[in-house]
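The structure appears right after this line, and notes come after that.
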Amino acid sequence: MPYIKAHYHPFLFILITMCAMAELGLTAYLISVGNESRNWPSARYHSLLILFEFNAVWTTLFGAAYMLWIVDGAVHFLASIASSIIWLAITSALWGAAAGMMHNTRTGGNCNWILNSSPSVNGVLPCDSPQELSVSSCRETLTVEAVGWVLFVLCVLTLFATCMWVRTSKRGYVSAEYKPGM
C-alpha cells in the first residue's frame with residue numbers, strides 16, 4: 001500500500017498549512033496597520049506584503065485541500081500525485097521568490113540599531129517611544145521573511161519527498177512484476 005509508505009505526507013502538508021496560516025495572520029495585520037497609518041517604508045515593501053498575503057492564502061487553501069484529500073483518499077484529478085507535485089513546484093517558486101525579494105528589500109537583520117540610535121536621557125528611553133514601535137515593526141518584517149523561507153523549505157522538502165516516494169514505489173512495482181529468468 002503506497003499510503004502506508006508515504007505516511008509522512010499528510011504531516012508535511014499540515015506543517016505547510018499551519019505555517020501559511022501564521023503568515024496569513026501576520027501579513028494581514030501588517031497590511032492593516034500600514035493602511036491605517038498610510039505609512040509604508042516603500043511602495044516595494046507594500047507590494048511584497050501583498051505578495052506574501054497572496055502566497056499565504058494560496059498555500060492555506062490548497063494545502064488544506066490536499067491534506068484533506070490525502071486523508072480522505074480522494075481519487076479525482078486535483079487529488080492526484082501529479083497535481084500535488086505541480087502545486088508544490090509552483091508554491092516553492094512563489095515562496096522562494098517572495099522571501100528572496102523581501103531579503104533584498106529590507107535594510108538588515110539587526111533591529112537593535114534603532115534603539116541604539118534613539119534619543120535617550122541618561123541612557124533611559126522614554127515610555128512608548130516611536131523607536132520601540134520601529135523595533136517591533138522591524139522584527140515583524142524579519143518574521144514575515146523567516147516564515148517565508150520556512151515555507152519555501154517545507155515545500156521543497158515535500159516536493160523532494162513526494163518525487164522520491166513516486167520513484168521508489170514505481171521501482172518497487174516494476175521489480176515485483178518483473179521476474180528475471182522467465
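- Between the side chains of S83 and Y66, at least one donor N or O lies within less than 3.5 Å of an accepting N or O.
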- Assess whether side-chain contact (heavy atoms from CB on, under 4.5 Å) is satisfied between L88 and F160, documenting all intermediate values. CA-CA 9 Å; L88 284 166; F160 179 73; over 6 Å; no
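- Residues F152 and V156 are in side-chain contact: their nearest non-hydrogen atoms beyond the backbone lie under 4.5 Å apart.
- Of all heavy-atom pairs spanning A89 and L159, the tightest one is CA-CD2, 4.1 Å.
- Residues W149 and V144 share a single hydrophobic cluster, defined by chaining ILVMFWY side chains whose heavy atoms lie under 4.5 Å apart.
- Among all heavy-atom pairs drawn from A99 and G148, the shortest one is CB-C, 4.1 Å.
- Nearest heavy atoms, T60 versus T17: O-CG2, 4.0 Å.
- Atoms OG1 and CD1, from T158 and I16 in turn, are 3.5 Å apart once rounded to the nearest 0.5 Å.
- For the atom pair CD of E53 and CG of L49, the computed distance is 8.5 Å after rounding to the nearest 0.5 Å.
- In this structure, L94 and F54 have side chains that are in contact, with non-hydrogen atoms separated by less than 4.5 Å.
- Closest of all the heavy-atom pairs between L12 and A161 is CD1-CB, 4.5 Å.
- Distance CE/M21 to CG/L26: 15.0 Å, rounded to 0.5 Å.
- Between the side chain of S32 and the backbone N or O of A28, no donor-acceptor pair lies under 3.5 Å.
- Annotation for S92 and C155: closest pair OG-CB, 3.1 Å, computed over non-hydrogen atoms.
- With values rounded to the nearest 0.5 angstrom, N104 atom CG is found 11.0 Å from M102 atom CE.
- Summarising the geometry of V147 relative to E23, their closest heavy-atom pair is CB-OE1, 3.2 Å, with the distance given to 0.1 Å.
- In this structure, L30 CG and H46 NE2 are separated by 11.0 Å, a value rounded to the nearest 0.5 Å.
- Within the 4.5 Å cutoff, the side chain of W95 has heavy atoms near those of the F52 side chain.
- Remark: I90 CD1 to N55 CG distance equals 12.0 Å, nearest 0.5 Å.
- Under the 4.5 Å side-chain heavy-atom criterion for Ile, Leu, Val, Met, Phe, Trp and Tyr, M18 and L24 are members of distinct hydrophobic clusters.
- Under the 4.5 Å side-chain contact rule for hydrophobic residues, V57 and L51 do not share a cluster.
- Scored by the side-chain hydrogen bond (donor to acceptor under 3.5 Å, both in side chains) test, T91 finds W58, W87 as partners (sequence neighbours excluded).
- Both L151 and Y29 are part of a single hydrophobic cluster, where members link through side-chain heavy atoms under 4.5 Å apart.
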